[in-house]
There are 2 protein chains.
Amino acid sequence: MVLHHPAPEQFRLENVLTALGNPTRLAALRVLADCRQHPCGVVLQGYSKSTLTHHWRVLREAGVIWQEPAGREVLLRLRRDDLEARFPGLLDSVLNAAAADAEPA
Amino acid sequence: MVLHHPAPEQFRLENVLTALGNPTRLAALRVLADCRQHPCGVVLQGYSKSTLTHHWRVLREAGVIWQEPAGREVLLRLRRDDLEARFPGLLDSVLNAAAADAEPA
DNA sequence: GGGATTGTACGAGAACAGTCGTACAGAACG
DNA sequence: CGTTCTGTACGACTGTTCTCGTACAATCCC
């Protein structure tokens with residue numbers, strides 16, 4: 001189990017936008033927006049474990065989340081500070097947009 | 001030639017992020033950031049005409065650009081106001097991030 | 001009208017993304 | 001030590017995306 005996390009200077013905007021340009025991962029982002037730690041299994045419902053692993057990898061390799069093993073769980077946490085340093089304002093505007101998008105038009 | 005453009009209330013965040021989560025289309029966005037009209041053929045180099053048509057369709061159907069026939073050309077223009085109304089701050093932070101991403105680390 | 005220009009439409013192929021099931025690894029708990 | 005729990009690894013399948021070439025439509029210009 002390797003769990004490679006890119007350094008902030010390695011973040012690529014296209015990877016971040018691709019990672020967030022998916023309704024499943026966008027839903028996960030809204031859960032993780034509190035910047036607290038959440039076990040992998042409690043963030044999203046309705047998917048197999050292997051599907052969730054796939055989505056966490058996409059988010060992790062883009063630099064969006066941190067994955068830290070803790071006992072037999074793996075805790076997820078939003079990399080808000082690193083994202084803010086690299087792409088100022090981006091995360092907040094995406095979170096605001098996600099909230100706007102979720103409202104009834 | 002139909003050129004369907006969604007109304008702002010039909011914009012979906014996931015479509016916008018997916019449209020911009022591609023280096024080719026991100027490069028186009030930076031060219032279009034001046035909010036002036038550009039013929040399809042002058043915005044990007046190195047692609048076939050049919051590839052460009054594909055990318056313009058992705059951007060148009062996400063609500064990112066407007067495509068307006070003008071003589072034998074089709075002019076592209078960024079839908080900055082509509083995007084700003086629907087997802088405030090998003091476009092500017094993506095453009096800033098694209099500039100940051102393009103700098104030498 | 002005939003030719004050149006600009007771009008779309010369509011079909012094809014290669015690569016990638018999203019999903020799952022099964023198998024496995026590591027930690028916790030009896 | 002064996003079982004359970006949490007999550008990863010891998011392989012498979014399906015559908016989508018990206019790219020191109022060819023064909024076509026519309027416009028402009030001679």
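Here is how names work: the chains are called A, B, and so on, in the same order as the sequence lines, proteins then strands, and each is numbered from 1.
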- Message: Expressed as a whole number of angstroms, how long is the span from B:L76:CG to C:dT8:P?
- Response: 8 Å

- Item | Minimum-distance nucleotide (side-chain atoms of B:V58 versus D:dG7, D:dC18, C:dT19) | D:dC18

- Item | Interatomic distance, A:N15 CG vs C:dA17 P [rounded to whole Å] | 10 Å

- Query: How close or far is atom C1' of C:dA28 from atom CZ of A:R72, stated in whole angstroms?
  - Reply: 4 Å

- Note on the structure: Which of C:dG18, D:dT8, D:dG7 is nearest the side chain of A:H55? It is C:dG18

- Query: Could you give the CH2-to-C1' distance, from A:W56 to C:dG18, as a whole number of Å?
  - Reply: 14 Å

- Query: Out of C:dT8, C:dT6, C:dA9, which nucleotide sits closest to the side chain of B:R57?
  - Reply: C:dA9

- To the nearest angstrom, how far is A:L59 atom CG from D:dG7 atom P? 15 Å

- Round to a whole Å and report the spacing from NZ of B:K49 to C1' of C:dA4. 11 Å

- Taken to the nearest whole Å, CG/A:L26 to P/C:dA17 is 17 Å

- Message: Of the listed nucleotides (C:dA27, D:dT8, C:dT19), which one gets closest to any side-chain atom of A:T24?
- Response: C:dT19

- Item | Given D:dG21, D:dT8, D:dC28, the nucleotide with the shortest approach to the side chain of A:C40 | D:dT8

- Would you please classify the geometry between the A:F87 ring and the A:F11 ring as parallel, tilted or perpendicular, with 30° and 60° separating the classes? tilted

- Phosphate oxygens OP1/OP2 of C:dT8: is one of them under 4.0 Å from a side-chain N or O of B:Q67? yes

- Message: Quick check for you: among C:dT5, C:dG7, D:dT17, whose closest atom lies nearest to any side-chain atom of B:E73?
- Response: C:dG7

- Any donor-acceptor pair under 3.5 Å between the side chain of B:T53 and the base of C:dG7? no

- Item | base_contact_polar (D:dG21 base, B:S50 side chain, donor-acceptor, <3.5 Å) | yes

- B:L20 and B:L59, any side-chain heavy atoms less than 4.5 Å apart: yes

- Task: Check whether any side-chain nitrogen or oxygen of B:T51 sits under 4.0 Å from OP1 or OP2 of D:dC18, and answer yes or no.
- Result: no

- May I ask you to test the A:L29-A:L91 pair for a side-chain heavy-atom distance under 4.5 Å? yes

- Item | Side chains of B:L17 and A:L26 in contact at under 4.5 Å (non-hydrogen atoms) | yes

- Between D:dT17 (P) and B:R25 (CZ): distance, integer Å: 9 Å

- Item | Residue-phosphate contact under 4.0 Å: A:N22 side-chain N/O, C:dA17 OP1/OP2 | no

- Message: Taking any heavy-atom pair under 4.0 Å as a contact, classify B:P39: base, sugar-phosphate, or nothing.
- Response: sugar-phosphate

- For the residue pair A:N15 and A:E61, establish whether any side-chain heavy-atom pair is separated by less than 4.5 Å. no

